[in-house]
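Take a look at the structure below.
Chain A is the first sequence line, chain B the second, and so forth, proteins listed ahead of strands; every chain is numbered from 1.
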Amino acid sequence: MTILIHSETKMVVQGLGRDGSFQASKCKSYGTPIVSAVHPGRGGLYFEDSVPIFDSVEESVDTTGANLGLIFVPAPFALDAIIEQVDSGIENIVCITEGIPVQDMTKVMSYIEGKKVRLIGPNCPGFICPKENFKAGIIPSEIVSSGPVGVVSRSGTLTYEAIVQLTNLGIGQSACIGIGGDPIHGTSFVDTLRMFEEDNDTKIIVMIGEIGGLREQHAAEYIKSNVSKPVVACIVGQTAPSGRRMGHAGAIVTGKSALAQEKIKVLKSSGAIIAESPTEIGYVIKEILK
Amino acid sequence: MTILIHSETKMVVQGLGRDGSFQASKCKSYGTPIVSAVHPGRGGLYFEDSVPIFDSVEESVDTTGANLGLIFVPAPFALDAIIEQVDSGIENIVCITEGIPVQDMTKVMSYIEGKKVRLIGPNCPGFICPKENFKAGIIPSEIVSSGPVGVVSRSGTLTYEAIVQLTNLGIGQSACIGIGGDPIHGTSFVDTLRMFEEDNDTKIIVMIGEIGGLREQHAAEYIKSNVSKPVVACIVGQTAPSGRRMGHAGAIVTGKSALAQEKIKVLKSSGAIIAESPTEIGYVIKEILK
Amino acid sequence: MQIHEFQAKNIFKEYGIPVPEGEIANNPQEAISVMEKLNSKVVVKAQVHSGGRGKVGGVKLAENSDDVFRFSSEMIGRKLVTNQTAGNGLPVNKVLIEKVTEIETELYLAVTMDYESGSPVVIISTEGGMEIETIAEKNPEKILKIFGDPLLELLPYKIRKLFEKLNIEPSLYKQFSSIILKVYKIFVEKDCSLIEINPLVISNEKFIALDAKISIEEDALFRQTKIQDLFDSTQIDPLELEALKYDLSYVKLYDGDVGCMVNGAGLAMATMDITVKAGTKPANFLDVGGSADQNKIKKAFEIITEDSDVKVILVNLFGGILRCDIAAQGIIEALKDKKEYPSIIGVFRGTNSEEAKRILTDSKIKLIFAEDLIDAAKKIKEIE
Amino acid sequence: MQIHEFQAKNIFKEYGIPVPEGEIANNPQEAISVMEKLNSKVVVKAQVHSGGRGKVGGVKLAENSDDVFRFSSEMIGRKLVTNQTAGNGLPVNKVLIEKVTEIETELYLAVTMDYESGSPVVIISTEGGMEIETIAEKNPEKILKIFGDPLLELLPYKIRKLFEKLNIEPSLYKQFSSIILKVYKIFVEKDCSLIEINPLVISNEKFIALDAKISIEEDALFRQTKIQDLFDSTQIDPLELEALKYDLSYVKLYDGDVGCMVNGAGLAMATMDITVKAGTKPANFLDVGGSADQNKIKKAFEIITEDSDVKVILVNLFGGILRCDIAAQGIIEALKDKKEYPSIIGVFRGTNSEEAKRILTDSKIKLIFAEDLIDAAKKIKEIE
């Protein structure tokens, strides 16, 4: 088993709207053990004729033993959903939802501080473990393949870009995880690096960062003293102007340290191998694996 | 060393108003190591010519290494003071203040949950350890004497009543602690029983409870399965009418379990020895010690 | 601190919680005008700080203006004695005149502080209109609860869970959730100790708060300045009112005759217990507090002596910050101009207690000293 | 979302934060009436969504009505270009006329979200009137910070600590603390991303907010309905405004000529980077989002083609929920009635990408396909 899951991991999907249903279906057909879904008002019904739907997470956990939650509920209700999952004892929560108000996320983060719970996201594509055919999120399973590379990224489609390159070059992935584009978020680069470092299936790590914040700097510090495996890092947004938000709420240059160049510099000095552009990630990895 | 203190315990007193100054002075003359005081606007001055006063708890901790806080600030500012102490890393906090709004206390309790901090009170007389000449609070040192009895109570003057009886009968105390009369409070009977059970200097425990809440019930459960030392328990408020608050915000009969008789019943069945009235505590203890 | 139903309903309106149309009336004439304005059958509700009004004629249905005149005449100016009032009942100074509401479903809704969890708790029951204590005893399974978190707003998922157990038309969820959130908000923002809506009814697919009870936590009144103005001194025993002014913790007990004056709540309770052990009954609980001065002691002692029920006075002071000699001066002051007063038994211990005894002995006050509470109990018995 | 200074000051007033006496004027005549009403020398302040107005004539002191007429005439109807505006500057539609304030002390005060700690942070500096970036560079030690807690109100002890470092008259503490608490309250209650008062001045022993800037977090606008009404579309680039309507994440860049249309923010940034690597410059950032439909793609493509700076268009789509064939239809729709348009390079991968290529090939649109971003970069070079 690779990171984040174990043989007893059972997923509950919360929020069966258009995207939620579509993506849950994809996760299920990929092989993910979805034991239940939660959608208020649809309790008693079944998702795809086989997965029981509950009105509340608590009922779902009590009845099906779900221990990993995947959240698709719209932004205005996301704080409620995340805390409902925390209060119900879910230990790993993946929140795909985009556009959650920052203050809601600061409350969530303060609330879970000290509690035994891991939040991935929000505004992220979730994660996928090809070897175990386990997918909690929206990363297209068609592009992944099983292998030694752990991929972590702040972005969604950009991650796919990297995965496609790897797969096309015949290089598989141990796990791919998107930690999300919001400035206030759960699992960090550092958390993921730690997991990949400890994971036997992962031999090499790809980290795709971007402008804004200090996440990459924290990662660099961690890599320097704690990561023995090779890390290939790439930072996008080198051409983004200062003070304008590049889509992701977290992708905004607000000071020197938020610049791509600055991040590349510290990552380089931490021992990470820099891929100048995401288009080069595959080739850099191939070179290392030679 | 008995409960709550160790050889490196250093006290900071916060709030040098009329009562705070008076009581801090009493603690000091009793022998308590008061290393600093906090009173905004008086930073740089000295309390009783020797104890440095700081404007903030943080400065006080940084400069003097204080690790036990005694709070006398008025109720409207008590939440602020307690959290200031918590944020400054004080590990044991005694809050004497009476009349703190319940909602402020619920916030404080939620805030410290999971943090490495112990709060005693509020609305309590604090504690005194006769053998170590250590007093953090307002229990008159004139009435205590060193010996084998650990005293814990929800009340102030009633505790003194019990202490005087013991001292007059030649029976000393290992420590006396008042956990306070408010319904939302820090250290509980159970916490104190645990400390007394673990403390070598304590041979016998006196527990003075009152009407209202379920604290004595929790204590009874704990006594039953975890306390090997004799516990002499007394409950006051047997004659209090239902629905009226007897001074202490927590001393109000709101249901059957809040009644004195009910509490006496469960304590009795837990193995505690019941003193029918606080006036009998001394004699009951004397009998046991024979 | 309690406030009146109409005041609570005004707060409800401010927060957008639906209440029946209505207005307050200070006399029967006003009651008639309100009824005319409402142009409907009305309910006349006596405004006193007590529940259980319905059973004792404090709530009446008026079909016409004759009714409304008669009922409000009967209520205003009288005292209402309910199963919740102590002593001689509470005076009715105003009546609330409200449009009659058709009731489809009755619920009980309350928010209070749960001391065990340290969180506000929302309590709901489908047995609206009944007293919650009765439901708790007979149908405890019909009482549903959700707990707030002191550091977070009340989360919708908890309200949804509650709603699902109530068997109410799903289309009413939005209204329901909005009312719960608003009641909870009032509870938090106004530092309440209790908000009770009994019954909360459904009428023509709309939730309406038919009754409203709000109690504010005394310790938080300092920051609830608007609520302070709603204080109605007529709803409080005059002696308790006097005690309140002097920040004395005093509770009048209506079936005893031993007046107690003590410092410290625990010791005060113990003192009451002792009087009962002595075969008598306490006339009050009175805690003068940890650091009472001479004036406060004087006032406290006056309150006890003014209570005509009191036949014996038991003073039990344990000097700490409070100095016994100062307290003795306060007692002497209180009795200065009194020719007659009940027998007094005094226990003085701690700071300056000897001095206190000397001062009292030197004064001409008749006071029997006791060594401690046991001794005091003995001496009470001797007197009675 | 930004709002105007006068709107921010209205919110300040609502919360009890002192601001100079003043009123808004839509034309020079109104400006004169306001000055007459204020009966004082005034400051005329151009209302645009930008700081740095003072240095470019957007803030002027008027001694008399001639001045006020002249200054407001000069400002209203013109565009103001500051060091913070992009493109051709921002139109001035209103001026704020305020009584002149005597300044004793100038402070800088801001509340914003600190992403590192995940808490709101209060920033203060004694270097009021200067831009915070400049202070941060030259005198970082003069910037003081305290952090809030997302689950608690801002605690007084933190404000006290801040105040003690400022060397301000202790008698002003109460005012200071009240202003900090109120600004913090606005920040929390209005879901702000930034509140800036620069300068916050002391004048005759009173704190006054001379300037006011409030930005609201876009993601929270759905629950800030009152703030939504303050939106001023004239202060936004027309293309960005158009994008906003269709919920497209679009940023106009003023020095490039390669229009980019991408799905996903990270991939969009990478696409921009690639255009630079190819020796050109992006004309925009544009993320159509994860699940754009045909209409949204059409609109996005129209926005790019409407930008006269754009010489080449680079489309980079990675089909997921988004289907490439649907996107292709959107592009075709957008170009349907256009005779001339820039060269287009298209990278289509993922869901239904082959179908997309077929559809586009079948259409009469001139579009060069590229295999991936590297290939696309090569082809951009070839074109330019």
Identify which part of [X] has an atom lying under 4.5 Å from any heavy atom of chain A, answering side chain, backbone, both or neither.
X	result
D/Val188	both
D/Ile374	both
D/Lys277	side chain
D/Met113	side chain
D/Ala270	both
D/Tyr250	neither

Within a strict 4.5 Å, meaning less than it, do heavy atoms of the [X] and [Y] side chains meet?
X	Y	result
A/Gln238	D/Met269	no
A/Ser277	D/Ile274	yes
A/Gln103	D/Pro150	no
A/Leu214	D/Glu116	yes

Inset, instruction - Under 4.5 Å heavy-atom distance to chain D, tell me which part of A/Arg245 shows up: side chain, backbone, both or neither. - result: both
Inset, instruction - Please look at A/His218 and chain D and tell me whether the side chain, the backbone, both or neither of the residue comes under 4.5 angstrom of a heavy atom of that chain. - result: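 For A/His218, the contact with chain D is made by the side chain alone.
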Inset, instruction - Please confirm whether the backbone N or O of A/Val236 pairs with a side-chain atom of D/Asp273, one donor and one acceptor, at under 3.5 Å? - result: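 The answer is no, because no donor-acceptor pair under 3.5 Å joins these two groups.
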Legend entry - Any donor-acceptor N/O pair, D/Glu217 side chain to A/Val102 backbone, under 3.5 Å: yes
How many angstroms lie between [atom1] in [X] and [atom2] in [Y], if you round to the nearest 0.5 Å?
X	Y	atom1	atom2	value
A/Ile184	D/Ser117	CD1	OG	7.5 Å
A/Met105	D/Tyr115	CE	OH	12.5 Å
D/Leu267	A/Thr159	CG	OG1	9.5 Å
D/Leu253	A/Met246	CG	CE	6.0 Å

Is it true that [X] and [Y] make a salt bridge, defined as a side-chain N closer than 4.0 Å to a carboxylate O?
X	Y	answer
A/Glu161	D/Arg349	yes
A/Arg244	D/Glu240	yes
D/Arg223	A/Asp104	yes

Legend entry - NZ (D/Lys357) with more than 12 external heavy atoms under 6.0 Å: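 Enclosed: over 12 neighbouring heavy atoms sit under 6.0 Å from NZ of D/Lys357.
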Legend entry - Winner by heavy-atom pair count (cut-off under 4.5 Å) against chain D, out of A/Arg154, A/Glu280, A/Gln23, A/Glu142: A/Gln23
Legend entry - Leading residue by heavy atom contact count with chain D [cutoff under 4.5 Å; candidates A/Cys234, A/Pro125, A/Ser155]: A/Ser155
Inset, instruction - Check the side chains of D/Asn263 and A/Thr157 for a donor-acceptor pair under 3.5 angstrom, ignoring hydrogens and angles. - result: no
